[in-house]
Every structure is written in structure tokens, then in C-alpha cells.
Protein chains: 2
Amino acid sequence: MDAVRPDMPTPPGRKPRRPAPARQPLTQDLIVETAVRVLDTEGLDAVTMRRVAQELGTGPASLYAHVSGKDELRELMLDRVAAEIRLPEPDPARWQEQLKELATEIRRVWTAHRDIAKVSMGGIPTGPHLLAVAEVQLELMRAGGVPPRIAGLAVDTLGMFIDADAIEDTIYTARTPPGEDPWEYFRGHFEEITAYFRALPADRFPNIVGMVDELTSPSGDERFQFGLDILVRGIASYVAPRDGD
Amino acid sequence: MDAVRPDMPTPPGRKPRRPAPARQPLTQDLIVETAVRVLDTEGLDAVTMRRVAQELGTGPASLYAHVSGKDELRELMLDRVAAEIRLPEPDPARWQEQLKELATEIRRVWTAHRDIAKVSMGGIPTGPHLLAVAEVQLELMRAGGVPPRIAGLAVDTLGMFIDADAIEDTIYTARTPPGEDPWEYFRGHFEEITAYFRALPADRFPNIVGMVDELTSPSGDERFQFGLDILVRGIASYVAPRDGD
DNA sequence: CGCGGCGTAGAACGGTGTTCGTAACGAACG
DNA sequence: CGTTCGTTACGAACACCGTTCTACGCCGCG
């Protein structure tokens, strides 16, 4: 061992290789937790291997011992966030309300973590927490009498809708550059778009110019509840095949 | 002009700066067309400034004289692709069918150009062709008696649904690496996923393991028509407010 | 013929994901 | 206790990316 006596000065050319190795040991959980923190504060684009490593006081190469790459890190982040989704105790009498409540809950978690929905969109759920959500959705629908095939399709469709809505939401809100008032920034963009729509040639786009206010209404909640209501009503229409469509 | 006499050898250090400047002049249309060609053959990730420039036999800097950056190029690509969407002549009696047909047509074009839907998702349509599509959608619904507010929301919701479905589709099909049989590649991934679902603990995920076949059915068309049917039925339920829900 | 403007593009800057090879560590073992 | 060995950490490097700076060559105009 080349332990240097404490009273001796360090010989020239002998640099302390690791100034403070007393960090807590790198784990996958720690990496994912750090990545989610970066996601929340700086957005998905800022979640780079280098940025996460820097946050942990190390280099990017160190992460690859615990995570196979950026794609896996993103999936792990998604599942960690999905753990925050509060799942309902199924009550067959209220399955439609519960399905809507669960969708709203997912949306709440998704939008709370900025653009995590971009990771969810276009990926097959594999993480345990994500699977638990799908399991409850299936359970709710099956208990409500929805046929298996319809329930399977509906899980896909519902997931697509929730992800898409959350993504659409972030383009209005979370795109604001750091250090700027989100609302003010949003107002600016918003008015720019309405002005553009209003300036369109009215002979070619009569409906668009005539419905500017309806089209650019910023109320994402209303749009979400609208689509959700339609979807659940449509799913429910399949419970009794002889009920008539 | 430093034209060298043909019988003279080129002096040392005097390299022909431009070997073949006889290219057709760079235009925005040419750049966008080339970018779409790269998109079709190699996917959206391969559409880089450098790759497009290389395809045109030039350097990346040359593109910036005709396109403000990558974001604008992607929007231009989207609108160019949107030009391929065949728009129907509105027939108020068939507005629901026409709305579904138009959605299916958009999906056809989207999936024909791999993951162009990723550009559409999470962006406000501004290009002329994209606006024309929205205009027709509004026209169809308004002629069918859909209230303005509902029609505005429905355009958003429909667009989200179509984009999300097209994106979901690409993760099954277009992710195949170049030079490999897409179907074979898809089969491999597909069976891997079903095997994973089947291996799940049946006590925690009884519905998922019990419905593997319904969940992983590769028929994207069926899922699309299912969601589309539900959405249009929901929209139509708003035409006569006193009709009862 | 001279010249100015503009499209072109080489080089470079700062960033990215990922890999390589080496250095340090802890535990097991003689 | 000394050595060895497998594991982990990480600086450096590679091949890319989007974008900008700047010089250069060509064309049309005066």
C-alpha cells in the first residue's frame, strides 16, 4: 500500500487521484432518482448521461455499470414516476367513474413530471408499476362486463389518449425557458398563434378563422375530460352486446 | 478566373476547390424533398442536417440559407407529407363516415412516411396543407350540426388520436434496422413481448397474463377503427343536445 | 470592365451517447 | 498478514449532432 505519512508533503507528480471518493456508492436507484430530479427541474432534453453524472459528481462512463444506456434509463425513470400513481380499490358498480378517475390520476402524475409522457408514448409498458396500472384498468373493465377483446383495445387507446394529452399540454406550459415567467411566456406564444390564425385568408379557411377562439382555447382540462368522457362512453357501449348501439 | 491550361499540370498547393459545382441550385423545396426521402428510407432519427446535406452533395452549413434550422425543416417536411392527404368533398348526409374516412386517410399517409407522426404530435399545425385538413374536418362537423366548441375540441382530440396511433404503429413496424426483413424482425420482438407477459406472476397480474393474446394483438388497424368509432360516436352524440345522451 | 452582393461551404465550437483501457477498491485466499 | 483477483469507477477518446463564423467564388449590375 502506498499510504503516505501524514506529515510528509505529497511528492511531485503524485496527485491525489480521487479527491473525495467518500460518495455514497452508485446504485441504479440513485441514478434514476437523480435523473428524475433533473427531469423535473430542467426537462427531458436536459436528462443526458453527462448531466446526470455531473449531478452525482462523477463522469458519464460510471453510469453504464448500472444502466445499459439512455433508453433503459428513460424506461426506469418512467416506471419510477408511475409508482406515484394512486390505484383505486375496484368497485364494480362505479367502474366507469373509477376508470375516468384513474385516467385523470395518471394525467396528474404525468403532467407533474413535465414531459415524461414522451417516454411513455410509443413504448410497450414493461415496468412493474406501469403493469400494475394496466392490470387495474383491465380489472375495472372486466368487472364492469367489458368483453376481453374490447378491454384489451381500450387499454391501448386510453393509454394513447392520456399520453397524447399530456404531451400536448407540455407544449403549452413546460416549453418556457428557465428563468422566465411561464404564464407570460405562454401568453406571448398564445397570442402569436391566434393572431396568425386570424390573419389567414378567410376564403380558404372560413371555419378556422371563424372559430379561432374555440380552437385555441387553452383549457387542457376541458379537452381531456371531453375526450375521456367520449372514450369511456364508447367502451361502456360494448358491455351488453344486445343492448343496441 | 484561375483557369489552368489543360496541358499544364496543376501547380502544387493549388487544389480544385469545387470538383463539380454543376449541381442544381439549392432550394428549400429540394432540401425538404431530400429530407423526406431520407425519412422514408432511414427514419426520422437519420434526418440530420449533415445527412441531408450529404445527400445533396454539400455541407450542413449550406442548408441554413434556405431553412432556419432543424425544427423548421421538420415542420416543412410534415406539411409536404400532409399534401398527400386526399381531402373529401363534404357531403353533410355522410359527415360521420367522411370524418372516419378522412382520419383513415391521414393515418395512411402518416404510416406511409414512417415516424412523421412524431413531428405532428405536440405541435400546433401551421402549414397550409395541415390547415387545409383541419379546415375540412371542421367543415364536416359543422355541416353535421356539431356545436362549434365541440368541433374545436374534437379536431384536437382526433389529431391526437391519429398521431398517437401512427406513432404506436411505428414501434412495431418501422423500427426494424435497415437490411433486415421487417416482418421477421417484428415477429421476434412480438414473441419476446408475449413471452415476457406470459412469464409474469399470475397472482399480481391475473388479467394481463390471462389476456395476453388480446393485449398484444398486432392488428393496428383494428385498434384504430375501434378508437375512431368510439370518438366519432361520441362527437355525434353532441349534435342534438335535447336528443338525450 | 470593375465591383458588390449573395449563395456556398470548410472549419470549428460546444454539445451528445457510448466505448476503451486503466486505476482503485474490497474481499477472499494462501 | 500479504497477495491476488474480480468488480467498480472514471478520464479520455471516438463518432456523431446542430449551429455559427468566415472566407471564397460566381453572377448580375452599373
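Chain A is the first sequence line, chain B the second, and so forth, proteins listed ahead of strands; every chain is numbered from 1.
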Nearest-Å distance for atom pair [atom1]/[atom2], residues [X] and [N]:
X: B/Asp45; N: C/dG17; atom1: CG; atom2: C1'; answer: 13 Å
X: A/Asp71; N: C/dT18; atom1: CG; atom2: C1'; answer: 12 Å
X: B/Arg51; N: D/dC17; atom1: CZ; atom2: P; answer: 9 Å
X: A/Lys70; N: C/dT19; atom1: NZ; atom2: C1'; answer: 17 Å
X: B/Leu26; N: D/dC27; atom1: CG; atom2: C1'; answer: 17 Å
X: A/Leu63; N: D/dT8; atom1: CG; atom2: C1'; answer: 13 Å
X: B/Met49; N: C/dG15; atom1: CE; atom2: P; answer: 20 Å
X: A/Leu73; N: C/dG17; atom1: CG; atom2: P; answer: 10 Å

For this session: Using the closest heavy atom to pick a nucleotide of DNA chain C for each, name whichever of A/Thr48 or B/Thr27 lands nearer the 5' end.
Result: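 Here B/Thr27 is the residue nearer the 5' end.
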Distance check: side-chain N/O of [X] vs OP1/OP2 of [N], anything under 4.0 Å?
X: B/His66; N: C/dT8; answer: yes
X: A/Thr58; N: D/dA9; answer: no
X: A/Ser62; N: D/dA9; answer: no

For this session: Could you provide the dot-bracket string of DNA chain D, using ( ) for intrastrand pairs, [ ] for crossing pairs and | for bases paired to another strand, with Watson-Crick or G-U pairs below 3.5 Å?
Result: ||||||||||||||||||||||||||||||
For this session: Say whether B/Ser120 and B/Asp163, considering side chains only, have a donor N or O and an acceptor N or O under 3.5 Å apart.
Result: yes
For this session: State whether a side-chain donor-acceptor pair under 3.5 Å links A/Glu84 with A/His129.
Result: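 Checked: A/Glu84/A/His129 side chains show no N/O donor-acceptor pair below 3.5 Å.
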Exercise. If each of A/Ala65 and A/Arg50 is mapped to the nucleotide of DNA chain D with the nearest heavy atom, which maps nearer the 5' terminus, i.e. the 5' end?
Worked result: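 Mapping each residue to its closest nucleotide by heavy atoms, the 5'-most match is A/Ala65.
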Could you report the tightest heavy-atom contact between [X] and [Y], atom names first, then the distance?
X: B/Val133; Y: B/Leu87; result: CG2-CD2, 3.9 Å
X: B/Gln225; Y: B/Thr104; result: NE2-OG1, 3.6 Å
X: A/Ile167; Y: A/Ala117; result: CG1-CB, 3.8 Å

For this session: Would you check, one step at a time, whether the test side-chain contact (heavy atoms from CB on, under 4.5 Å) holds for B/Leu200 with B/Arg204?
Result: CA-CA 8 Å; B/Leu200 250 35; B/Arg204 285 176 57 196; over 6 Å; no
Problem set entry | A/Leu44 backbone acceptor or donor facing A/Asp115 side chain under 3.5 Å | yes
